[in-house]
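Working notes, structure below.
By convention in this document, chain letters (A, B, ...) are assigned in the order of the sequence lines, proteins followed by strands, and residues within each chain are numbered from 1.
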There are 2 protein chains.
Amino acid sequence: MTLQSRPEPADAASLQLDAYLPYRLSVASNAVSRLIARAYEDRFGLTIPQWRLICVLAEDGPMNQSALVSRTGMDKVTVSRAAQGLTRRHLLERSENDLDGRSHVVALSLEGVRLHAEIAPLALAYEAALISGLDPHEVALLKRLLLRLQGAAGVLAGETPSPSQALA
Amino acid sequence: MTLQSRPEPADAASLQLDAYLPYRLSVASNAVSRLIARAYEDRFGLTIPQWRLICVLAEDGPMNQSALVSRTGMDKVTVSRAAQGLTRRHLLERSENDLDGRSHVVALSLEGVRLHAEIAPLALAYEAALISGLDPHEVALLKRLLLRLQGAAGVLAGETPSPSQALA
DNA sequence: GGTGGATAGTTGCATCTGATACTATCTGGC
DNA sequence: GCCAGATAGTATCAGATGCAACTATCCACC
């Protein structure tokens with residue numbers, strides 16, 4: 001029980017970590033990310049950012065790094081390092097010469113395409129295993145809610161230094 | 001599963017990063033965590049692990065570090081460092097003498113209790129801002145689904161090296 | 001046609017994180 | 001009692017991360 005004889009204030013009492021959404025979100029995400037990251041790392045030597053680049057390039061075709069940044073939401077440093085690692089392994093090809101001398105167009109190499117085709121079913125299998133037993137309806141709602149949360153966090157971080165305005 | 005059966009695999013085509021649950025989960029969690037972490041860091045000089053320890057100790061009263069580990073799911077190293085930092089700031093008190101000489105009982109100091117009471121409303125305000133506009137029903141479902149995902153990830157990580165068994 | 005400011009990308013640095021190894025202590029079987 | 005193994009916690013090291021500073025290039029405007 002509590003050390004202090006005095007009970008907690010009502011405000012504090014209504015905060016229960018287990019029911020606190022940011023906590024639940026972080027713990028669930030860490031568990032899933034750790035699982036996925038280990039799978040990609042162990043089997044293919046890929047980091048999560050590297051795998052994301054492969055996915056986006058396989059989906060949308062070649063683009064430069066800043067496009068990858070806005071597409072994935074990752075930091076430009078993260079994208080840069082992931083692209084370097086993939087280029088070193090010849091999974092990416094970078095055409096340096098361009099109509100813009102600053103940017104390089106990044107594209108999957110043939111080997112990169114092959115790797116993506118090999119990993120994609122595994123990725124889908126992991127997702128299927130994670131949501132097995134869930135109503136597809138619920139999964140769709142989950143994804144929608146996650147998008148909402150992400151948007152709300154962005155608004156709160158970018159526009160209001162404190163949540164008081166959003167609460168008003 | 002069909003790995004290389006087709007040159008242009010339908011499997012790979014059906015993997016869209018934006019609709020991939022682990023991706024959505026990670027992006028949403030990172031956005032929310034960054035928001036919350038910055039708030040605690042800027043205003044109170046607390047890290048997320050430190051804040052979690054404060055919450056748990058305020059909720060459940062004194063305990064030793066291994067209890068904090070199992071309660072929060074964080075690494076024991078993370079807990080150790082968070083406790084050290086909080087002890088240095090006199091927000092925690094550690095009674096070294098115990099019936100078990102290895103463990104120290106960790107408890108919130110009075111100042112720690114005060115800080116918790118001060119931060120808790122802010123934490124709740126952030127949560128309220130994040131879920132504003134959402135049906136409470138949906139929020140409850142979201143938390144339940146997050147728990148399910150966390151559990152499924154734990155099972156997949158701890159018991160099955162590949163998701164194939166869970167798919168069977 | 002040169003100059004200021006914006007943009008693409010890299011590097012450096014400081015921090016966080018987690019795995020491993022280590023010390024200290026406890027527990028159970030002999 | 002004593003030793004093997006388990007447990008609590010800390011220290012050490014490697015890797016990931018993100019911010020800030022930097023270089024190089026492009027664009028707009030005078």
Side-chain angles (χ1 to χ4, degrees), chain A residues 26-27 29-38 40-42 45-53 62-88 92 94-106 153-154 157-158, chain B residues 26-27 29-38 40-42 45-53 62-88 92-107 153-154 157-158:
Chain A
S26 172
V27 172
S29 174
N30 284 344
V32 171
S33 284
R34 188 153 38 235
L35 172 73
I36 302 279
R38 192 154 305 162
Y40 294 163
E41 169 64 33
D42 289 351
L46 291 180
T47 66
I48 292 277
Q50 287 175 345
W51 168 240
R52 286 182 183 168
L53 293 198
M63 62 184 77
N64 62 20
Q65 290 188 189
S66 57
L68 284 169
V69 166
S70 55
R71 179 68 170 77
T72 63
M74 299 191 293
D75 193 84
K76 65 177 179 174
V77 179
T78 306
V79 169
S80 173
R81 284 192 273 243
Q84 282 174 10
L86 292 174
T87 305
R88 229 176 286 120
L92 289 192
R94 318 176 74 189
S95 10
E96 313 253 349
N97 41 5
D98 208 351
L99 37 85
D100 187 333
R102 299 166 297 179
S103 68
H104 318 256
V105 170
V106 179
Chain B
S26 172
V27 173
S29 174
N30 285 343
V32 171
S33 284
R34 188 154 37 237
L35 172 73
I36 302 278
R38 192 156 302 164
Y40 294 163
E41 169 63 35
D42 288 351
L46 292 180
T47 66
I48 292 275
Q50 286 175 345
W51 169 239
R52 286 182 183 169
L53 292 197
M63 62 185 75
N64 60 22
Q65 290 189 190
S66 57
L68 284 170
V69 166
S70 55
R71 179 70 170 73
T72 62
M74 299 190 294
D75 193 84
K76 64 177 181 176
V77 179
T78 306
V79 169
S80 174
R81 283 192 276 241
Q84 282 175 8
L86 292 173
T87 305
R88 226 176 288 120
L92 290 191
E93 283 162 0
R94 319 176 73 188
S95 9
E96 313 252 349
N97 40 7
D98 208 350
L99 36 85
D100 186 333
R102 298 166 297 179
S103 68
H104 318 257
V105 170
V106 180

Phosphate contact (D:dC19 OP1 or OP2) by B:R34 side-chain N/O below 4.0 Å: no

Considering all heavy atoms, the nearest A:A83-A:L53 contact: N-CD1, 3.8 Å

Gap separating the CG atom of B:L86 from the OG1 atom of B:T47, nearest 0.5 angstrom: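 One gets 7.0 Å once the value is rounded to the nearest 0.5 Å.
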
Pairing residues for A:R102 by the side chain to side chain donor-acceptor pair (under 3.5 Å) criterion, not counting sequence neighbours: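 Listed in chain order: A:D100.
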
Counterpart residues, side chain to side chain donor-acceptor pair (under 3.5 Å), relative to B:S26 (two or more places apart): A:R52

Figure out the [atom1]/[atom2] separation between [X] and [N], and round it to whole Å.
{"X": "B:D100", "N": "D:dA6", "atom1": "CG", "atom2": "P", "result": "17 Å"}
{"X": "B:M63", "N": "D:dA8", "atom1": "CE", "atom2": "P", "result": "14 Å"}
{"X": "A:E41", "N": "D:dA14", "atom1": "CD", "atom2": "P", "result": "16 Å"}
{"X": "A:N30", "N": "C:dT17", "atom1": "CG", "atom2": "P", "result": "9 Å"}
{"X": "A:L68", "N": "C:dT10", "atom1": "CG", "atom2": "P", "result": "11 Å"}
{"X": "A:M74", "N": "D:dC19", "atom1": "CE", "atom2": "P", "result": "14 Å"}
{"X": "A:I48", "N": "D:dA16", "atom1": "CD1", "atom2": "P", "result": "12 Å"}

Duplex segments of DNA chain C, taken as runs of at least three Watson-Crick or G-U pairs that stay under 3.5 Å: C:1-30 with D:1-30

N/O contacts under 3.5 Å, protein versus nucleotides 9-11 of chain D?
unit_1	atom_1	unit_2	atom_2	d
D:dG9	OP1	B:Q65	N	3.3
D:dG9	OP1	B:H104	N	3.2
D:dG9	OP2	B:Q65	N	3.3
D:dG9	OP2	B:S66	N	2.6
D:dG9	N7	B:K76	NZ	3.3
D:dG9	O6	B:K76	NZ	3.2
D:dT10	OP1	B:R94	NH1	3.2
D:dT10	OP1	B:R94	NH2	3.0
D:dT10	OP2	B:Q65	OE1	3.3
D:dT10	OP2	B:Q65	NE2	3.0
D:dT10	OP2	B:S80	OG	2.4

Suppose we screen for side-chain contact (heavy atoms from CB on, under 4.5 Å). Which residues come up paired with [X], at least two apart in sequence or across chains?
{"X": "B:S70", "result": "none"}
{"X": "B:S80", "result": "B:Q65, B:Q84"}
{"X": "B:R71", "result": "A:D18, B:V56, B:E59, B:D60"}
{"X": "B:S66", "result": "B:N64"}

Nucleotide of C:dT25, D:dC19, D:dG18 approaching B:R38 most closely (side-chain heavy atoms):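 Selected nucleotide (nearest to the side chain): D:dC19.
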
Qualifying salt bridge (Lys or Arg N to Asp or Glu O under 4.0 Å) pairs with a residue from residues 78-87 of chain B, counting only residues at least two apart or across chains: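 Residue pairs passing salt bridge (Lys or Arg N to Asp or Glu O under 4.0 Å), neighbours aside: none found.
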
